[in-house]
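Just so it is clear, the model here is predicted, and its values are computed rather than measured.
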Amino acid sequence: MNNLNGQWIVQVVENGKVTRHSFNAKAVAESYAEFQRVRLGLPGKPPIWEDTPVDGHPERLREIPDFIINDVLDLAEYSDRGIVTTIVDARGVRLRLHLTVVTSELLCERIATALERRYAE
């Protein structure tokens, strides 16, 4: 992604064909680039290492057990990347999700697909 004359340019290479898309806003360009990365099955960004290493090994990522959603708070919050939603587990632990338009659509699609697989007749 590059900035050229005030436009954010996202270049996508698919099956040897290069396409370029321009956006006025950096956040929109980043969302589009992330969607294309996921759609094309490209590797994601490198993981973020924990500040407190697991078992004294800083190269390990902390594994988090399943987060069972008990409630979704109805808060209209926004960040520079999109909307922020807060979900709560059965013990009251809160998890704030910062979602762009693209990542929220992708999350909804994956949840719907998982539910269809689980409950399809």
Side-chain angles (χ1 to χ4, degrees):
M1 189 170 72
N2 296 314
N3 188 315
L4 180 66
N5 298 327
Q7 293 281 306
W8 290 95
I9 310 298
V10 176
Q11 180 172 291
V12 178
V13 180
E14 183 175 10
N15 298 324
K17 182 180 175 188
V18 178
T19 56
R20 291 179 182 82
H21 305 271
S22 62
F23 301 90
N24 292 325
K26 181 179 180 181
V28 175
E30 288 173 340
S31 293
Y32 180 79
E34 177 66 9
F35 175 75
Q36 295 302 316
R37 183 195 66 74
V38 171
R39 184 182 68 79
L40 295 170
L42 301 173
K45 297 177 183 175
I48 299 172
W49 302 113
E50 285 287 315
D51 290 335
T52 54
V54 177
D55 301 330
H57 299 287
E59 67 279 359
R60 286 193 189 163
L61 291 175
R62 182 175 67 132
E63 289 190 25
I64 300 172
D66 291 347
F67 190 94
I68 308 299
I69 298 173
N70 193 51
D71 194 7
V72 178
L73 301 182
D74 189 18
L75 300 174
E77 293 182 66
Y78 303 94
S79 73
D80 60 337
R81 300 273 312 188
I83 194 164
V84 179
T85 188
T86 303
I87 56 178
V88 184
D89 76 358
R91 295 176 294 167
V93 175
R94 294 178 180 210
L95 178 67
R96 289 170 45 90
L97 298 175
H98 294 253
L99 301 166
T100 64
V101 171
V102 173
T103 56
S104 62
E105 287 176 5
L106 184 60
L107 178 62
C108 289
E109 286 176 19
R110 292 203 175 155
I111 290 171
T113 300
L115 290 172
E116 286 173 359
R117 286 183 188 148
R118 171 83 189 245
Y119 298 107
E121 295 182 337

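Closest approach of Thr103 to Thr100, counting heavy atoms only: OG1-N, 2.8 Å. The two residues Ala33 and Val10 come nearest to each other via the heavy atoms CB-CG1, 3.9 Å. Nearest heavy atom pair, residue Trp8 against residue Ala25, reads CD1-C, 3.8 Å.
By the rule that hydrophobic residues join a cluster once side-chain heavy atoms approach within less than 4.5 Å of another member, Leu99 and Val102 end up as members of separate clusters. Phe35 and Val18 are not part of a single hydrophobic cluster, where members link through side-chain heavy atoms under 4.5 Å apart. A continuous path of ILVMFWY side-chain contacts below 4.5 Å connects Leu107 to Ile83, so both sit in one hydrophobic cluster.
Listed by chain and residue number, Val12, Lys17, His21 satisfy the side-chain contact (heavy atoms from CB on, under 4.5 Å) test with Thr19 (two or more places apart in sequence, or in another chain). By the salt bridge (charged side-chain N to carboxylate O under 4.0 Å, His left out) test, Arg39 pairs with Glu14, sequence neighbours left out. Here Leu4 pairs with Ile9 under the side-chain contact (heavy atoms from CB on, under 4.5 Å) rule; sequence neighbours left out.
The side-chain heavy atoms of Asn24 and Gln7, taken from C-beta on, include a pair separated by under 4.5 Å.
Rounded to the nearest 0.5 Å, atoms CG (Leu97) and CD1 (Ile87) are 4.5 Å apart. We find the CD-OG distance between Glu109 and Ser104 to be 10.0 Å, quoted to the nearest 0.5 Å.
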